[in-house]
Amino acid sequence: MEPKISEKAWDPKLENAILKKWEEEKLYDFELLDNNYTIDTPPPYPSGRPWHIGAASHYAQIDMIARTARMSGKNVYFPIGIDRNGLPVELYTEKKHGIRMRETERGEFLDLCKSALDDLEAEMIQIMKSLGLSGDFKNYYRTDSEDYRKFTQETFIDLWKKGVIYLATRPNNYDWVSGTTIADAEIVYEEIPTKLVYMKFITKETKKEIIIASTRPELLCACKTVIVNPNDERYSDLIGKELIVPLTNNEVKIIPHHSAKIEFGSGAVMVCSYGDQNDVALFRELQLDEVIAIGLDGRMTEVAGEYQGLKPKQARTKIIEDLENANLVEKIEDISHRTPLSERSRIPIEIVPMEEYYLKQKDSLEKMKKLGEEIDFYPNMHKQILMNWLDSISIDWPISRRRFYGTEIPIWYCNKCSEPFVPEPGKYYRPWKDKCPVEKCQKCGNTEFTGEERTFDTWMDSSVSPLFVTKFNRDEEFFKKTYPTAIRPQAKDIVRTWLYYTLLRCEKLTGKKPWSEAWIMGYGLDEKGMKMSKSKGNAIDPLPVIEKSGADTFRFWSASEINQGYDFRCSEQKIESTRKFLSKLWNVSRFLSSFPVIKSGKLSESDKWILSELDKLISVCKEGYSKYNFFIPSTAIREFTWNIFAAQYIEIAKARAYGIGFTDEERDGAIFTLHKVLSTILKLLAPITPFITEHLWQTLYSQDSIHKENLPDIENVTDMSKMTQLLAEFNSKVWNEKKQKELSLKDSIKMDVPEILSQFKKDLIAMHNLESN
RNA sequence: GGGCUCGUAGUCUAGCUCGGUUAUGACGUCGCCCUUACACGGCGAAGAUCCGGUGUUCAAAUCACCGCGGGCCCA
C-alpha cells in the first residue's frame, strides 16, 4: 500500500492552514453549558517590543491547560484579553514622541497612548494566535475599553457604597518623575553607592558633641528626634536630653528605641519625615509632627530654608559642603545603600504625605488567608508567596494614581463645600472632561463642580478580570454558571499584586473566591540564567523563533524543558533542536501510513508487551495532566515514542506487519497494534502539540478534529514492562554483533533467542534473520 | 538581619517520601555508518567531588545537623 504521507519531515508551514481550518470550523467557540471550565486568562500588557519569549511560553502552557480540560470532557471557556491601563505605555509614549505627559493636552496624550497600544497589541495577538491558543479571540476584550472601564468604575462605586473606600493623608511612596503615588508592590530595591555623613550634634545643656551618621543629611530640617538603642551604654546618660541639630539649630530629644542598631554608624540615629519606612513607623509610633521637606515636584520645600527648590540629591551635596565649612562633619564614608526605587521609572522614591483614596484590606487579611487555604496551588510551594505577603501587609491599599492613562476615578467635588459626588453605576465617566451628572450639590446646593483628575491603580482594573469575563452584574445566568472560575494561571512575580488583589476585590464584591485553582509559572531567563532585558540586549524576540521553528516545536520545548513553577532558560538553539522529536513522530506516522487501519487482529506476545507499556504511558501522562505539569507527559511521550516504540517495537513488528512468513491474522495483530499505539500517542500529545497531532490524526484516522477526542483511558492489560529492558538488550546485542562482523542488518546470523525471551521468539527470529546454532 | 525556596555532567532532568543498581533520559559535544519510516536518522564514546562539611549506618545523591551559593520576598 502506498504511504499516505510522503514528505520526509514535518513542515511547520502547515500550521497556518490548520489554524485557518480551526477558525472556519469554529472549533474553539464557547457556548454556555453546565459543565463550564473557566480560565481566568491573564490579559498581557503591551509594554514594548519585542514581547517576552518567556511570556509566549507562558501562554503556550496556558493553552495546554485549556486543551487538557477540553480533552477531559469539560466545556472550556478560555477568554482572551489585553491589559491596556497603566504607567508603562505612558512612559513608552513619552519616549517615542519625545514629549512629557504633563506638558501635553490630556486628550491628545491619551490618543497617542492608544495608538501605541494598538500597534503593540496587534503583534501580541498575532503571536498568541500563531501559538495555536484555543481561546475566545472573537470576543477579546481590552481593559481600557469603555465597557471594561465602566465595569471597573461600577465595582468602585459598589465598594464606595459599602464604605470600604476612604480618603486619608498618609506618607506615601512617591515617584516624582512619574508624578504618582505607588504601592509597596511597585518598589524595587537596588544597592546604590552613597555617602554616609557623620554629623556633629551638640547636647543643649553640656555642649557635648554627639555624632550621628545619616545618608540623608538634606533632611536635617525635618529631623524630629534622635533614637539610640536602650542597651547602648554610650548614650544611657543622655536619654531624655535635648540635642541641637546642626545648621538648623532646632532642638530635638534623645529617645531610646530598639530599632536603633548599636553597630550602625555611631549608634545614634536621626528620625526625619521621611527618610525611609522606618521613619514612617517611628513617626506613627511616637506621634511626632511631620514636616514636609520634599514636595510633590520632588524638590525641597520652604522648611529647607536656603535649600528650597533644590532636588534632594543637589541639596545633599550643598548641605555636606556647608556642614564641612562649618566644621560640623566628623567624617564621610562611601557606602553602598539598599535604596528603594520606583519599579517603573527607576528613581529613588520619596516618602511624601499625600491625600489618596484607600481600599480597606487590613480587616480582610484573615479572610484572605482562609480563601488562600481553599485554593489549590500548582505547584503548591508557591502558595507561600501569597501567605508571606498576607503576613506583611501593614497598610490599606492606596488605589488612586496621579496619571492619565487609566480608568478615571468617577468622582466630582462641589466647588463650594468640597462634598464628593459619586455617580450611579451604568455609564463610563471621565470627570476630567465630562460635566458632573447632577445639577446641584446635594449638600450645599452649589452648581459648580470640579472633576477628579486621578485614575485608579492599574490593579483596580485587572483585579476584576474573573468578574468581567463571567459577566458579573450583567448576565446573571452566565455568571452563575461560570463563577467561581476554575483556574487562574499566572506568573510568579505578580502573586503579591494581581493574584492577591483579585482575591481581595472578588471577595469584597461577591463574598466568594474567584477560582478553585491557581497555577503559577516561573520567569523566562536567557541561556545563561540572567534576566532578559532590552537594555542588556539579551532579549529574544519570540516571533521569528515561532515562525522559523513552528508553534508545535516551541510548545514542545516549553513543555519538556520547563519544570513546573521554576524559572527557565530560553535558548533558540535548544528550541530548534526540539523539532527533531516532531520529525521522529512524523516519520513513525509516515511508516505506519503505508498500512491500513484495521479494527482487530491476533495479538502476539510482543503486541501485548507494547500495549502494556502504552498503558503505563497513559497513566503517567494523565497523572501529569491532572497536575497541569506538562513536563511529565511531554518527556514520557518522547521517551516512549523514540526509545521504546520506534527503536524496539516497530523493528520487532516490522517483518510481521509486512506479512512475510506470518499468517494474515498474525500480520493484522501487528498492524492493529501499530495504529493503536500511534493513535494513542497522538491523543496524548494533542494538548501539547495541537498542530502536528491534528494533521497526522486527520491524515490517518479521522475526518474530524483530534481536539474533539478525549484523552485515552488505560485498559488495565497485564503488565509486561519487565521485558522491556531484556528485549532492548537482546536487540542491541544482535545489532552490535552484526556491526562487528560487518554484516548488513538483513543478513542472517547464528544466534539463539534466550529462554527468558522465548515468548517473542518468532518475531525476533524474523526481525534479525536469526539462524539457530 | 528575617522568611520562603532551590542547588545532580556545558544545559534541562529522573532518582530523594520508604538509604543498597555500573546515578535515568534528553539536548549539546566527539567518532563511525546514507541499513528500503526517518542523516531533523542509526550505532558508539567522552562528560557528574550528586554544592561543601560533619554525623547516623555495614552502606548516604537519598536521613539529621552545620555551613556555602543562587533566586524571590520582607525588614
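The sequence lines fix the lettering, A, B, ..., with proteins before strands; numbering per chain opens at 1.
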Might you list the N or O atoms of the protein lying below 3.5 Å from N or O atoms in nucleotides 5-7 of chain B, with each pair's distance?
none

Between [N] and [X], is there an OP1 or OP2 to side-chain N/O distance shorter than 4.0 Å?
X        : N     : value
A:Ser732 : B:G44 : yes
A:Asn643 : B:A26 : yes
A:Asn563 : B:U13 : yes
A:Trp642 : B:C27 : no

Side chain to side chain donor-acceptor pair (under 3.5 Å) partners of A:Asp668, counting only residues at least two apart: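 Applying side chain to side chain donor-acceptor pair (under 3.5 Å) to A:Asp668 gives none.
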Once base and sugar-phosphate atoms are separated, protein heavy atoms under 4.0 Å mark nucleotides 29-40 of chain B, 5' to 3', with B, S and - as -------BBBSB
Less than 4.0 Å between a side-chain N and a carboxylate O, is that true for A:Asp607 and A:Arg656? yes
Under the rule for ring-ring contact (aromatic ring centres under 6.0 Å, His included), what residues qualify as partners of A:Trp735, not counting sequence neighbours? A:His768
Sorted by chain and number, sequence neighbours left out, ring-ring contact (aromatic ring centres under 6.0 Å, His included) with A:His382 holds for none
So do A:Glu561 and A:Phe568 actually touch side chain to side chain, heavy atoms under 4.5 Å?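 No - every pair of side-chain heavy atoms lies 4.5 Å or more apart.
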Using a 3.5 Å cut-off and no angle test, enumerate the donor-acceptor pairs between side-chain atoms of residues 640-647 of chain A and protein atoms at least two apart in sequence or in another chain.
{"residue": "A:Thr641", "atom": "OG1", "partner": "A:Ile637", "partner atom": "O", "Å": "2.7"}
{"residue": "A:Asn643", "atom": "ND2", "partner": "A:Glu639", "partner atom": "OE1", "Å": "3.1"}

More than 12 non-hydrogen atoms from neighbouring residues, nucleotides or ligands closer than 6.0 Å to CD1 on A:Ile756, yes or no? no
Length of the line joining A:Asp391:CG and B:G2:P, which is rounded to integer Å: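 It is 18 Å, rounded to the nearest whole Å.
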